[in-house]
Amino acid sequence: MESLQSPLVLSSKLLPNSLKKPVLEVGFACFFKQRRVIQSVSIKRSVVCCSRKGGGGGSQDGSSAMLVNTDKKDASDSVGFHLVPPPSGDNGVIDPHEKLSTQKEAETGNSEGEEERKTKVTYNIVFVTSESAPYSKTGGLGDVCGSLPIALAAHGHRVMVVSPRYQNGTCSDEIFSGASDLEHPIKVHCFGGVQEVSFFHEYRAGVDWVFVDHPSYHRPGNPYGDGYGAFGDNQFRFTLLCHAACEAPLVLPLGGFTYGEKCLFLVNDWHASLVPVLLAAKYRPHGVYKDARTVLVIHNLAHQGVEPAVTYDNLGLPPEWYGAVEWVFPTWARTHALDTGQAVNLLKGAIVTVDRILTVSKGYAWEVTTPEGGYGLHELLTSRKAVINGITNGIDVSEWDPSSDEHIPFHYSAEDLSGKVQCKIALQKELSLPIRPDCPLIGFIGRLDYQKGIDVIRLATPELMGEDVQLVMLGSGNPEDEEWMRVMESTYRDKFRGWVGFNVPISHRITASCDILLMPSRFEPCGLNQLYAMRYGAVPVVHGTGGLRDTVENFNPYAGGGSGEGTGWTFSPLSKDTMLAALRVAIRTYREHKPSWERLMKRGMEKDYTWDKAALEYEQVFKWAFIDPPYVS
Ligand SMILES: Nc1ncnc2c1ncn2[C@@H]1O[C@H](COP(=O)(O)OP(=O)(O)O[C@H]2O[C@H](CO)[C@@H](O)[C@H](O)[C@H]2O)[C@@H](O)[C@H]1O
């Protein structure tokens with residue numbers, strides 16, 4: 001790490017003229033006009049970290065990690081502060097595996113009980129996210145940001161979710177029809193111009209769903225791209241989202257009152273990562289958001305929002321804050337001899353400015369601090385280990401309930417499993433597979449992506465097809481893998497079905513029908529499909545990594561005096577052979593030990609997957625965030 005250590009106070013004289021005016025013109029100008037805030041920028045104990053080590057980053061969804069010979073303009077004479085606390089050994093480091101105690105537990109010694117559900121301290125919480133189901137979803141991020149806010153609102157917090165109002169010209173646009181225009185447009189200064197964005201709002205399930213509207217969110221495709229790949233202007237689209245999200249609590253009178261400055265921003269992944277940087281660089285120097293706190297939730301570290309360094313000027317940040325998002329690729333990752341490896345990395349910007357960091361499972365909280373799991377950010381994350389915690393995701397148990405699921409043809413429960421085999425027969429009919437209720441049905445649902453271990457499935461499939469099994473896969477992503485699924489389907493007509501596309505009802509039907517759910521993810525921050533599977537009596541066979549290792553307990557038939565324990569199988573290391581070995585044990589158990597299998601299913605179905613438990617842990621982290629002063633004040 002290279003950084004300038006001395007804390008400085010900058011006077012406005014040190015700032016280029018470009019800084020002095022634009023920030024005043026953005027939406028919160030009215031706010032600090034009232035406060036008669038002067039233009040001097042005082043940064044007392046911080047800031048900007050220049051990462052010269054570590055690399056990776058790789059390609060980002062929607063933000064290709066282009067390497068160019070860059071001209072970073074003002075950045076070269078930017079002031080660099082030291083954001084990262086010096087390594088302090090183990091002092092004060094919170095073990096991410098330690099169970100977070102909750103206020104309620106501390107007071108009652110009991111983590112359950114309906115009356116105790118409402119917390120004593122409530123917060124104004126602002127989620128910022130690129131996806132929130134059911135409005136937008138391409139994966140688990142949408143699920144989490146669609147259900148955790150509702151769980152927190154049920155605990156008494158005031159909760160707003162800010163995400164884009166995507167319109168792709170299909171019937172799915174209807175989902176936004178309940179949201180009305182708040183008729184409170186704001187102007188955002190970024191990308192060398194002024195953009196007008198407006199806000200739509202729907203109050204549902206106790207949550208203020210706020211949708212940022214701009215023409216760049218209106219186009220065919222999914223939130224990040226279309227058939228031709230990621231959109232080239234994703235940095236612009238999510239920069240707009242972040243600027244708008246910073247203004248929303250100040251200017252939107254939701255239910256008659258704004259959320260105000262004392263709120264807690266929960267920013268999710270790189271798309272929302274500019275929020276804490278904006279708070280530190282643009283708002284706090286002018287006395288705004290002094291009492292706010294920020295928490296970064298990392299759902300997937302492989303995507304960091306990396307773009308060429310020249311794009312820094314577009315972000316709407318003061319020039320001297322370049323170091324906060326500066327990213328330098330290691331020499332081996334550069335494309336040619338003149339490439340300096342200079343880039344901006346938005347996720348890194350959040351890591352060095354947020355108050356606390358969360359990952360979506362405890363295991364992943366540790367993995368991100370290792371060279372293998374840190375995607376070039378492990379050193380930075382290790383330096384902030386004291387404020388990193390892992391909280392395992394919950395699931396929406398009303399949407400994912402086999403006893404009432406509207407997408408499945410027959411219902412069942414742990415008490416009466418008979419509907420499950422009927423679901424299986426119905427799916428075999430629907431997919432024109434041989435109708436064989438006793439044949440083990442293996443399912444896979446997920447993005448066709450390196451992360452999900454699709455290459456391992458491809459290697460193992462010819463051998464697996466030698467067994468008496470059926471394999472049904474649902475997924476979209478890498479076109480080569482999509483094509484491979486089509487080829488497998490025509491090669492193994494009686495055993496293999498591959499559904500290319502994103503289809504929520506089918507994902508429910510596969511989960512309800514399959515006996516075994518396969519998840520050979522190379523890394524998995526949490527994983528939701530194994531949780532859905534267990535709730536639906538499908539036994540997961542997973543690679544022992546991240547959240548999969550945390551949530552799937554290995555089956556042991558001899559424990560408990562022969563009644564057995566565990567909810568599935570984990571295998572490690574990740575390879576074709578270890579995966580096939582685990583699958584074969586699962587298949588044999590299914591065939592030859594029916595009572596054990598049924599107990600295995602029931603143990604999975606009876607586990608508590610609700611968001612309630614996770615929401616309590618989130619509250620503990622919020623409390624810690626407000627106990628400490630802002631990390632960058
Ligand atoms: N073709 C398809 N059709 C229909 N539905 C499909 C689908 N492909 C995927 N899905 C759905 O998308 C969701 C995927 O969630 P995951 O948690 O498994 O992965 P994802 O990698 O997107 O999420 C990231 O964020 C989440 C949330 O924190 C973490 O759990 C995870 O580890 C991390 O990688 C599930 O609801 C699944 O059913």
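Both counts, for ligands and for their atoms, begin at 1 and track the order of listing.
- For ligand 1, the atoms lying closer than 4.0 Å to a non-hydrogen atom of His299 are 24 (C), 25 (O), 27 (C), 28 (O), 33 (C), 34 (O).
- Taking a cut-off of under 4.0 Å to the non-hydrogen atoms of Gly475, the atoms of ligand 1 that pass are 1 (N).
- Contact check for Leu474 versus Phe444: no side-chain heavy atoms found under the 4.5 Å cut-off.
- Counting atoms of ligand 1 from 1 in the listed order, those under 4.0 Å from a heavy atom of Glu524 are 31 (C), 32 (O), 33 (C), 34 (O).
- Ligand 1 lies within reach of Gly501, whose nearest heavy atom is under 4.0 Å from it.
- Minimum interatomic distance between Tyr123 and Lys623 (heavy atoms only, all atoms of both residues): OH-CA, 3.3 Å.
- The Asn393 neighbourhood of ligand 1 comprises atoms 27 (C), 28 (O), 30 (O), with distances under 4.0 Å to a heavy atom of that residue.
- Heavy-atom proximity to atom 37 (C) of ligand 1, evaluated over Asp449, Asn529, Leu301, is greatest for Asn529.
- Ring geometry, Phe211 versus Phe176: the interplanar angle exceeds 60°, so the pair is classed perpendicular (tilted spans 30 to 60°).
- Ligand 1 does not have Gln530 within reach: every non-hydrogen atom of the residue lies 4.0 Å or more from it.
- Protein heavy atom nearest atom 29 (C) of ligand 1, with residue, atom name and distance: Gly527 N, 3.6 Å.
- Not a single N or O atom of Val504, backbone or side chain, sits closer than 3.5 Å to an N or O atom of ligand 1.
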Applying ring-ring contact (aromatic ring centres under 6.0 Å, His included), run through Phe523 and Tyr375 and close with a yes or a no.
CA-CA 11 Å; Phe523 68 95; Tyr375 280 83; 5.5 Å; yes

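- Heavy-atom contacts of Gln451 reach the following atoms of ligand 1: 21 (O), 34 (O) (cutoff under 4.0 Å).
- A side-chain N or O of Ser575 and one of Thr578 form a donor-acceptor pair less than 3.5 Å apart.
- Considering backbone and side-chain atoms together, Thr138 places no N or O closer than 3.5 Å to any N or O of ligand 1.
- There is no side-chain donor-acceptor pair under 3.5 Å between His303 and Asp269.
- Residue-to-ligand polar distances keep Met519 apart from ligand 1: every N/O pair is separated by 3.5 Å or more.
- Residue Asp143 approaches ligand 1 through these ligand atoms, each under 4.0 Å from one of its heavy atoms: 13 (C), 35 (C), 36 (O).
- Here atom 7 (C) of ligand 1 lies nearest to Phe502 when heavy atoms of Tyr364, Phe444, Phe502 are compared.
- Counting only N and O atoms by type, the side chains of Tyr631 and Thr294 include no donor and acceptor under 3.5 Å apart.
- For ligand 1, the polar-atom distance check finds no N/O of Val144 at less than 3.5 Å from any of the ligand's N/O atoms.
- A donor atom on one side chain and an acceptor atom on the other are not found under 3.5 Å apart for Asn168 and Arg219.
- At least one N or O atom of Leu528, backbone or side chain, sits closer than 3.5 Å to an N or O atom of ligand 1.
- Applying the 4.0 Å criterion to heavy atoms of Pro525 picks out, from ligand 1, the atoms 32 (O), 33 (C), 34 (O).
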Under the side-chain contact (heavy atoms from CB on, under 4.5 Å) rule, what do Arg384 and Ile357 come out as? Steps first, then yes or no, please.
CA-CA 8 Å; Arg384 299 222 60 197; Ile357 299 170; 4.3 Å; yes

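- In summary, the atoms of ligand 1 found under 4.0 Å from a heavy atom of Lys452, numbered by their order in the structure, are 18 (O), 19 (O), 20 (P), 21 (O).
- Ring orientation note: the planes of Tyr536 and Trp400 are nearly perpendicular, at an angle over 60° on the 30°/60° scale.
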